[in-house]
Amino acid sequence: MANHKLDCCLCDQKKSQANKPKKLTIAEALDLQSDLLHPDTNANTRPKRATKRQASLFSCSSSAHDLRHLELEKEKENIASPRGVLEACMKDFDSHDQSHESKATCSTTRARSHWSKFFKIWRKKSFKRLGSLPPLISVPKIPKWKSKSSRENQVLSKLYNFRSSWVTFSLSELRNATNNFSDENIIGRGGFAEVYKGCLQDGQLIAVKKLSKGTTDEKTAGFLCELGVIAHVDHPNTAKLVGCCVEGEMQLVFELSTLGSLGSLLHGSDKKKLDWSKRYKIALGIADGLLYLHECCHRRIIHRDIKAENILLTENFEPQICDFGLAKWLPEQWTHHSVSKFEGTFGYFAPEYFMHGIVDEKTDVFSFGVLLLEIITGRPAVDHMQQSVVIWAKPLLDANHIKDLVDPSLGDDYKREQMGCVVLTASMCIEHSPILRPRMSQANLFSYCTVVTLLRGEDHVLKATKSSRRRPLQRAYSEELLDAQEYNSTKHLRDLKRFEQIALG
Ligand SMILES: Nc1ncnc2c1ncn2[C@@H]1O[C@H](COP(=O)(O)OP(=O)(O)OP(=O)(O)O)[C@@H](O)[C@H]1O
C-alpha cells in the first residue's frame with residue numbers, strides 16, 4: 001500500500017534497482033524540493049541544512065508516525081472517506097448483533113446502511129459472488145417501516161444488478177493459484193505489499209497483492225482504503241479488481257497486467273519495447289484514466305500517487321492506473337483536502353502539496369506532468385544522483401529544445417507533432433502555480449491535436465466528459481490560495497523554511 005513516508009523507501013523495490021527514487025532524508029528532500037521550485041535560486045538563499053541534518057532527523061520519523069495515527073483516527077470518524085464509511089459500518093454491524101437498536105444508527109445515512117448490509121453478507125459468506133458496489137446515490141431510500149428482510153432484499157437486488165462482479169476468495173484458492181505464494185511468483189514489491197502472479201482454476205491470470213508489511217492497523221487501513229475506492233472505479237485505464245481475501249493476510253486480487261509496470265519497462269532493460277507510438281498511446285491512456293477519476297466517475301477521486309510504477313501495462317500496452325492505497329474521495333462541495341502527513345513519492349509532489357498539504361485535482365496533474373517528462377526523456381523522476389527530471393528538463397522546456405529533451409534511445413524515431421503536443425502538455429502540468437496548470441479535461445487536449453488520434457476515433461473522452469454529470473467548474477482551493485497572495489520567490493522560501501521548522505520540530 002502506498003503509505004510512503006519521506007524517511008522510508010520511496011518507491012517499490014523491484015529486482016532492477018537502477019534509476020529508482022532513493023531514500024531521502026527530510027533535509028535532502030527539502031533541498032531537492034527547493035531546487036524544484038526555484039531552479040534559479042542562489043544556493044546561499046536556500047534553506048540551510050547542514051546543522052539541521054545533525055538535529056536528529058528522525059525524531060521526525062516518529063512524529064510522522066504519530067500524525068499518521070491521528071490522521072487514521074480522524075478518517076475513521078469521517079464517513080465521507082471510503083475508510084470512514086467502511087469502518088463505521090463494520091462497527092455498526094458488530095453492534096447490530098448485540099442490540100437491535102443500533103441498527104438505527106447505521107440507517108441514519110443511506111451510505112452507511114448500504115455498507116452495513118454489504119459487510120453482513122460478506123462476513124456471513126452465505127454466497128461468494130457479490131455485485132460491485134453501486135454508487136451511493138443510486139441506493140434507493142428504503143422506508144424505515146419496511147421489514148428488515150424486505151429492505152435487505154431491495155439492497156441485495158441492487159447489489160446483484162450492478163455491473164461486473166468480484167469474488168471473495170478463500171486462502172486455499174489463492175495458495176493454489178500462486179504456488180503457495182512462492183517467491184518465484186513475486187512480480188512486484190511495494191511499500192506495504194508483495195504482489196504475486198497467479199492462475200485461477202478457470203485459467204484466468206491474476207496478480208495477488210498481499211498486504212504483509214506494516215502494523216495490523218496500517219494494513220487494515222490500506223486494505224479498506226484501496227478496496228473502498230477501487231470498488232467504485234470502472235474504466236479501461238484503471239486496474240481491474242477481481243476480488244479479495246481476508247483470510248490470513250489481507251489480499252486484493254487484480255487481473256494480471258502482463259507487461260508489469262511502465263516504470264519497470266521505461267527504466268529497465270526492456271526499454272527498447274517502448275517505441276514512440278507506444279509511449280504516446282500510454283500517455284493518452286493515462287490522461288483518459290485520470291480524467292475519468294477526476295471528472296467522470298461517480299466520485300471525485302484524487303489518486304495522490306501517480307507515478308511510473310503505478311501504471312500497469314496490458315499485453316497491448318494499454319496503461320492501467322493502479323495502487324489506490326492513498327486515493328481520496330473529495331466530496332463535491334469540498335475545495336480541497338488537507339493532509340498533515342506527506343505520503344506519496346518524492347519527485348512527483350506538487351509544490352502546494354509539499355508546502356501546504358493541499359490535495360486536489362491539480363496535485364495529480366503535477367504528478368502526471370512529471371510522468372509525461374519520464375515518457376519523453378526516458379529519465380526517472382529522481383535519478384541515482386538525486387536529480388529531479390523537472391529541474392533537468394525545465395531550461396530545455398523553456399527554450400523549446402525538444403531534440404535535447406527526447407530520450408536518446410528513441411533517436412529521431414518519433415512523430416514531431418505528437419512529441420510537440422506531449423512536451424507542451426508536460427510543461428503546462430508542471431507549472432509550479434496550480435492556477436497555471438490545466439485540469440485533466442484540458443490536459444487531455446493534446447489527444448485532439450493530432451490526426452492520428454482523430455483517425456483512431458478517440459473522441460470517447462469528449463463524449464464521456466459531456467455525458468458525465470459535469471460539475472460546475474469550481475475553482476480549486478489551491479488556485480484561490482495562490483490568487484490571494486502573489487506567490488513570489490520570497491514567499492516560497494519563507495514557506496520552505498516554515499516547513500523545515502515544522503518537520504524538524
Ligand atoms: N495487476 C498487476 N499486474 C501486474 N503487476 C502488478 C499488478 N499489480 C501490481 N503489480 C506490480 O507490483 C508493484 C507493486 O504494486 P502496488 O503499487 O499496488 O503495491 P504497493 O505496495 O501499494 O506499492 P507502493 O509502495 O507504490 O505503494 C507494481 O509496481 C507492479 O510492478
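Each ligand, and each atom within it, is numbered from 1 in the order the structure gives. Count residues from 1 along the sequence. All values derive from a computational prediction rather than experimental measurement.
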Salt bridge (charged side-chain N to carboxylate O under 4.0 Å, His left out) partners for Lys240, two or more places apart: none
One finds that the ligand 1 atoms under 4.0 Å from a non-hydrogen atom of Phe254 are 1 (N)
Does the side chain of Ile375 come within less than 4.5 Å of Leu262's, by heavy atoms? yes
For Ala193, counting its heavy atoms only, list the atoms of ligand 1 lying under 4.0 Å from any of them. 21 (O)
Which ligand 1 atoms are under 4.0 Å away from a heavy-atom of Phe192? 21 (O)
Pick, from Ile206, Leu312, Asp323, the option with the minimum heavy-atom distance to atom 7 (C) of ligand 1. Leu312
For residues Phe169 and Val208, determine if any side-chain heavy atom of one lies less than 4.5 Å from a side-chain heavy atom of the other. no
Establish, yes or no, whether the cationic atom of Lys278 lies under 6.0 Å from the six-membered ring centre of Phe317 and within 45° of the ring axis. yes
At the 4.0 Å heavy-atom cut-off, does Lys307 count as touching ligand 1? yes
Quick one: salt bridge (charged side-chain N to carboxylate O under 4.0 Å, His left out) partners of Glu431, sequence neighbours excluded? none
Rounded to the nearest 0.5 Å, what separates atom OH in Tyr414 from atom CZ in Arg279? 11.5 Å
Going by distance only, is there an N or O of Glu226 that falls short of 3.5 Å from an N or O of ligand 1? no
I need the atoms of ligand 1 closer than 4.0 Å to a non-hydrogen atom of Ile187, numbered in the order shown. 4 (C), 5 (N)
Would you find more than 12 non-hydrogen atoms of other residues, nucleotides or ligands less than 6.0 Å from Lys197 atom NZ? no
Under 4.0 Å between heavy atoms, the region of Ala207 that gets near ligand 1 turns out to be side chain
For ligand 1, does Asn310 get within less than 4.0 Å through its side chain, its backbone, both, or neither, judged by non-hydrogen atoms? side chain
Measuring from the heavy atoms of Glu255, does anything fall under 4.0 Å of ligand 1? yes
By number and element, which atoms of ligand 1 are closer than 4.0 Å to a non-hydrogen atom of Lys209? 16 (P), 18 (O), 19 (O), 20 (P), 22 (O)
Treating Ser367 as the side-chain partner and Tyr348 as the backbone partner, does any N or O pair qualify as donor plus acceptor under 3.5 Å? yes
Going by the atom numbers of ligand 1, which of them fall below 4.0 Å from some non-hydrogen atom of Gly191? 21 (O), 23 (O), 24 (P), 25 (O)
Within the supplied structure, the quantity of interest is the number of heavy atoms (other residues, nucleotides, ligands) at a distance under 6.0 Å from Lys271 NZ; does it exceed 12? yes
What atoms of ligand 1 come within less than 4.0 Å of a heavy atom belonging to Glu309? 28 (C), 29 (O)
